Every structure is written in C-alpha cells, then in structure tokens.
> 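Have a look at this one before I ask anything.
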Amino acid sequence: MNSYQTILGIETSCDETAAAVLRKSEKGIEILSNIITSSASLQTTFGGIIPEQAAREQLKAIIPVIQTALKDSRLKIEDLDAIAVTYGPGLIGSLLVGVETAKVLSLIWQKPLIPVNHLIGHFYANWIKPGRSYIADRISKKQNDSRFTIYDKPSFPIIGLLVSGGHTDLVLFTDHNKYQYLGGTRDDAAGECFDKCARLLGLPYPGGPEISKLAEKGDASKIKLPKPMISSGDLDFSFSGLKTSVSQIVNRISQDKNDDRLTVDDKRNLAASIQQTIVEVLTKKTMAAVKKYGVNQVMIAGGVAANSKLSEGLRRSLHVKLFSPSHNILCTDNAAMIAAAGFYSEETIDPLKLQANPNLSL
Ligand code: KG4
Ligand code: ZN
C-alpha cells in the first residue's frame with residue numbers, strides 16, 4: 001500500500017467517461033465525488049457500442065467530467081496526491097482518451113501517475129466505504145439500505161468473481177497485488193450473454209438490467225435452457241451456447257405462432273430462464289472455487305454484480321462471507337473503483353512511458 005491520501009481516478013475503457021476523487025483515512029476509503037457520463041443511450045440506437053463514436057463522445061466529455069469531479073470534491077488541485085488511470089483492457093480509442101489526458105495532467109500538475117488494470121479496478125469497488133458524500137445516495141435515496149450502514153472491508157484470502165460485459169473471471173487474491181487467475185469464459189462473457197439475449201428479445205442495450213426487470217414477472221420453469229460447462233470439473237465458463245439456444249427458441253415460438261412477435265409472457269418467461277441459468281452457472285463455479293481453495297470470503301464485481309438474483313443466489317448457496325459493491329453505480333464502469341485500486345497499488349509510472357493496452361489481462 002502507498003501513502004497517498006487523495007487520488008483522482010479516471011476511467012474511459014468502454015463507453016463511459018468517468019472521474020472521481022477519493023480520500024483514504026482511518027475511516028476507510030471515501031468518495032468525495034464520482035462523475036460518470038455515458039454515450040450508452042446513443043449506443044442503444046445501434047444495439048451495441050460503436051467504438052469510434054464512443055471515443056468521439058469521450059473526447060468531448062473528458063475535461064468537463066474531470067472539472068466537475070474536482071469541483072464536487074471541494075478540493076483544489078494542490079490537495080490531490082496522485083492520479084490513477086485505467087490503461088487497459090478496453091477499446092483502444094476510448095482508453096487513449098483517459099490515458100493521454102491523465103499523462104498530461106500528471107505532467108503539468110506534477111502528480112504521480114498510477115496505472116490501473118480495469119479488471120483489478122472492478123474488485124476494488126468492494127473496498128469503498130458507502131457514505132453520504134457518495135453521489136448515488138442522492139439518486140437512489142437508499143440510505144436505509146443495510147449495505148450503507150455496514151462497512152466491512154474484504155480481507156485475504158478471498159475469491160473474486162468478475163462478471164462484466166467483457167469478462168467472466170474467477171480469481172484467487174492472497175493479498176493486494178497478489179492474485180492467481182483460476183478460470184474464465186471461453187467465449188461470451190456473462191454480461192455479453194445478457195446483452196445478446198436481450199437483443200434477441202427486442203430489448204435495448206445494455207440488456208442485463210432489461211432482462212432482470214422483465215424476469216420479475218416471468219416463470220423460469222416454463223422454458224428450460226442448457227447450462228453450458230456447469231459440470232465440466234474446471235473453473236471455466238461458456239455462455240455462447242446459451243445465446244444460440246435462446247435464438248432457436250425465439251425462432252421456434254415465432255414459427256409455431258406464425259407470427260414473429262413474442263408475447264409478453266413468452267418474453268418474461270425467457271428472461272427469467274436466461275437470468276436463472278446464468279446465475280446458476282456462476283454460483284456453481286464460484287462454489288467449486290471456494291471448496292477447492294478453502295477460502296471463507298467471496299467478492300463479486302462488474303456490471304452483472306448489480307443483478308440482485310446473482311447476489312441472492314451466491315449468498316444462499318455459498319455459506320461464506322459475500323462482498324458486493326455497495327451500490328449498482330460501483331458495479332458498472334466508474335472511476336471511483338480505479339482511484340480505490342490506486343490506494344493499494346505499489347506502482348507509479350513515468351507519464352511519458354505509459355501506454356494504453358487494449359488487450360491487458362489479469
Ligand atoms: O462492468 P461493466 O459496466 O462493463 C464492462 O467492463 O464490461 O458491465 C456492463 C455489463 C453489461 O453487459 C450489462 O448488461 C451488465 O453489465 N449488467 C447487468 C445488470 N446491470 C448491468 N447484467 C445483469 N443484471 C443487471 N442488473
Ligand atoms: Zn468494466
């Protein structure tokens with residue numbers, strides 16, 4: 001762990017442009033500001049992300065977003081100890097916007113620059129203290145939620161399950177900066193599967209929250225879906241077959257009815273079954289990892305960690321302490337998690353040497 005007390009985090013790996021200021025004290029890691037803008041609504045029109053368009057929007061947003069994060073934090077530039085920035089993995093055009101901006105700010109403000117792996121950053125959302133200064137409080141009014149009153153930080157060893165739009169990974173952390181990759185998806189990520197299935201159901205991007213909403217009134221037992229690799233004996237995943245099955249079922253229902261529109265009930269039942277299948281596969285593999293490595297803590301991270309059925313399923317099955325980020329805004333891409341990871345990093349880099357790496361792995 002380094003001795004920085006105040007870090008500006010910058011995150012632009014996908015379609016978000018995000019900046020946050022976090023402070024570390026004996027009370028824990030607190031958010032002073034947390035700004036996120038996204039071109040997701042633009043991307044919705046196309047059913048997915050168009051990389052060049054995302055990067056153009058990020059170029060417009062990056063400076064105002066950083067300015068607002070600083071203003072909201074009520075700190076001055078002199079108060080910042082360091083800048084942490086995501087340098088990969090992600091879309092190269094998007095990453096470059098954050099990385100190049102952070103390099104320039106590091107040089108002109110004379111602040112150390114901390115490179116953060118986006119995937120590791122996701123896990124550090126679990127170290128952030130829920131609190132009043134946290135922008136999502138104002139949006140969600142969830143102050144009475146128990147997750148906002150308990151601040152228990154993960155300790156080691158711990159199994160991490162990262163479930164996002166681009167990744168599904170199981171990782172064993174034995175300490176900060178010490179981890180071992182245990183397994184991951186061989187094809188589509190869990191979030192990607194949610195997104196692709198949502199598209200087949202005619203739902204907008206991002207599909208995870210849409211499927212989750214639709215599933216509330218659905219009956220998963222009405223439609224059986226395959227659970228790829230659930231009994232493979234390793235800690236790998238595969239979700240592309242699930243999407244293929246959903247596509248075949250959608251076609252079959254449409255043909256049977258001689259109508260290419262699914263009824264609301266068809267959609268609800270399919271959504272419930274998709275969600276239940278993904279949750280079941282993720283839970284079973286996480287349980288296998290817990291057993292194999294004999295740990296008593298698990299943390300989840302990434303956009304799909306916002307899915308309440310996933311945390312419920314894990315909590316019910318695992319019988320170990322489960323950590324999940326205190327709010328959905330800390331599950332999906334954000335800069336607070338990047339700054340939080342910055343406090344535990346042992347690495348700073350010469351700004352002139354930092355390069356974005358779209359293929360960075362764990
Ligand atoms: O972590 P994230 O913001 O971006 C990546 O780094 O990939 O994750 C985005 C993914 C999308 O696939 C989205 O559909 C999924 O997270 N997601 C959800 C939920 N909220 C977001 N999936 C299931 N249930 C949700 N509530
Ligand atoms: Zn992410």
Side-chain angles (χ1 to χ4, degrees), residues 9-18 34 36-41 43-44 47-49 51 54 85-91 94-95 98 116-126 136 140 160-169 184-185 188-201 203-216 218 239 242-243 271-283 299-314 324-325 327-338 340-341 358 360-362:
I10 298 175
E11 155 67 42
T12 62
S13 66
C14 192
D15 59 348
E16 278 83 8
T17 309
N34 189 20
I36 306 171
T37 65
S38 165
S39 57
S41 56
Q43 318 290 343
T44 300
I49 294 163
V85 65
T86 298
Y87 73 109
L91 302 169
S94 296
L95 286 167
V116 176
N117 178 327
H118 178 82
L119 309 177
I120 295 298
H122 266 297
F123 288 114
Y124 277 88
N126 285 291
S140 72
L161 171 67
L162 173 61
V163 270
S164 69
H167 291 265
T168 306
D169 295 311
T185 186
D188 291 353
E192 191 178 358
C193 183
F194 270 112
D195 295 336
K196 287 181 174 171
C197 291
R199 207 172 171 184
L200 292 168
L201 299 187
L203 301 168
Y205 173 88
E210 299 289 331
I211 293 216
S212 182
K213 227 186 296 158
L214 204 58
E216 280 168 24
F239 289 107
L242 182 57
K243 167 206 66 195
S273 186
I274 293 163
Q275 178 170 260
Q276 194 188 68
T277 305
I278 295 176
V279 166
E280 213 178 310
V281 174
L282 293 173
T283 305
M299 60 177 163
I300 55 174
V304 183
N307 188 290
S308 55
K309 293 286 174 210
L310 175 62
S311 39
E312 276 168 31
L314 286 169
S324 64
H327 195 280
N328 290 354
I329 212 167
L330 297 175
C331 294
T332 47
D333 290 347
N334 66 86
M337 67 187 195
I338 302 302
L360 190 66
S361 58
L362 281 167

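As the structure lists them, so they are numbered: ligands from 1, and atoms in each ligand from 1. Nothing here was measured: the structure is a model prediction, and the numbers come from that model.
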> Of Asp333, Leu162, Leu95, Thr12, which is the lone residue that meets side-chain contact (heavy atoms from CB on, under 4.5 Å) with His118?
Asp333
> Considering only non-hydrogen protein atoms, determine which one is nearest to atom 9 (C) of ligand 1 and report residue, atom name and distance to 0.1 Å.
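Sorting protein heavy atoms by distance from atom 9 (C) of ligand 1 puts Gly165 N, 3.7 Å first.
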> Quick one: look up the protein heavy atom nearest atom 22 (N) of ligand 1 and list residue, atom name and how far away it is.
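Ranked first by proximity to atom 22 (N) of ligand 1 is Gly208 CA, 3.3 Å.
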> Could you tell me which atoms of ligand 1, counted from 1 in the order shown, lie closer than 4.0 angstrom to a heavy atom of Gly191?
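By the 4.0 Å cutoff, the relevant atoms are 12 (O).
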> Do the side chain of Thr185 and the main chain of Thr168 share a donor and acceptor less than 3.5 angstrom apart?
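A pair under 3.5 Å: no.
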> Do Asn34 and Leu330 have side-chain heavy atoms sitting under 4.5 Å apart?
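SC-SC contact between Asn34 and Leu330 confirmed.
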> Restricting to N, O or S atoms of Asp333, which is nearest to the Zn ion (ligand 2)?
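This residue's closest N, O or S atom turns out to be OD1.
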> Closer than 3.5 angstrom, by distance alone: can the side chain of Ser94 be matched with the main-chain N or O of Asp15 as a donor-acceptor pair?
no
> Would one find an N, O or S atom of His122, in either backbone or side chain, under 2.8 Å from the Zn ion (ligand 2)?
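Yes.
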> Measure the spacing between CZ of Phe239 and OG1 of Thr277 and express it to the nearest 0.5 Å.
9.5 Å
> Mark up the atoms of ligand 1 that fall under 4.0 Å of a heavy atom belonging to His118, in ascending order.
6 (O)
> To the nearest 0.5 Å, what is the distance between CG on Leu203 and SG on Cys197?
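It comes to 10.0 Å.
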> List every atom of ligand 1 that sits less than 4.0 Å from any heavy atom of Pro206, numbering the atoms from 1 in the order shown and giving each element.
13 (C), 14 (O)
> Short list, please: which atoms of ligand 1 are under 4.0 Å from a heavy atom of Thr332?
3 (O)
> Only heavy atoms of Ser164, strictly under 4.0 Å: list the atoms of ligand 1 that pass.
1 (O), 5 (C), 6 (O), 7 (O), 8 (O)
> Once you restrict to heavy atoms under 4.0 Å, what part of His122 touches ligand 1? Side chain, backbone, both or neither.
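His122 to ligand 1: side-chain contact only, backbone stays beyond 4.0 Å.
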> Keeping Asp195 on the side-chain end and Pro206 on the backbone end, is there a donor-acceptor pair under 3.5 Å?
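Such a contact is absent between Asp195 side chain and Pro206 backbone.
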> Is any side-chain heavy atom of Ile274 closer than 4.5 Å to one of Leu201?
yes
> When you measure from the side chain of Asn117 to the backbone N and O of Ser361, does any donor-acceptor pair fall under 3.5 Å?
yes
> Show me which atoms of ligand 1 lie under 4.0 Å from any heavy atom of Gly166.
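So the answer, numbered in order with elements, is 7 (O).
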> Can you report which non-hydrogen protein atom sits closest to atom 6 (O) of ligand 1, along with the distance?
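Answer for atom 6 (O) of ligand 1: Asp333 OD1, 3.1 Å.
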> Less than 4.5 Å apart, side chain to side chain, heavy atoms only: is that true for Pro204 and Glu210?
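Yes, their side chains come closer than 4.5 Å.
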> Taking the side chain as every heavy atom from C-beta outward, state whether Asn307 and Phe194 have any pair of such atoms under 4.5 Å apart.
yes
> Write out the residue and atom name of the closest protein heavy atom to atom 20 (N) of ligand 1, then the distance separating them to 0.1 Å.
Gly303 O, 3.4 Å
> Using atom types as modelled and distance alone, determine if a side-chain donor or acceptor of Thr283 lies under 3.5 Å from a backbone N or O of Val279.
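Here the side-chain-to-backbone pair exists.
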> Check whether any N, O or S atom of His118, backbone or side chain, sits closer than 2.8 Å to the Zn ion (ligand 2).
yes
> Say whether Asn307, considering both its backbone and side-chain N or O atoms, lies within less than 3.5 Å of an N or O atom on ligand 1.
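Looking only at distances, the answer is yes, because the N/O contact criterion of under 3.5 Å is met.
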> Does Asp195 approach ligand 1 within less than 4.0 angstrom via side chain, backbone, both or neither, non-hydrogen atoms only?
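The answer is the side chain of Asp195.
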> Check whether any heavy atom of Gln275 sits under 4.0 Å from an atom of ligand 1.
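No heavy atom of Gln275 comes that close to ligand 1.
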> Give a yes/no on ligand 1: does Gly207 have at least one heavy atom closer than 4.0 angstrom to it?
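Yes, Gly207 has a heavy atom closer than 4.0 Å to ligand 1.
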> What do you reckon, does Gly302 have a nitrogen or oxygen under 3.5 Å from a nitrogen or oxygen of ligand 1?
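No; the residue has no nitrogen or oxygen that sits under 3.5 Å from a nitrogen or oxygen of the ligand.
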> Heavy-atom contacts with Phe194 under 4.0 Å: which atoms of ligand 1 show up? List them by number with element.
22 (N), 23 (C)
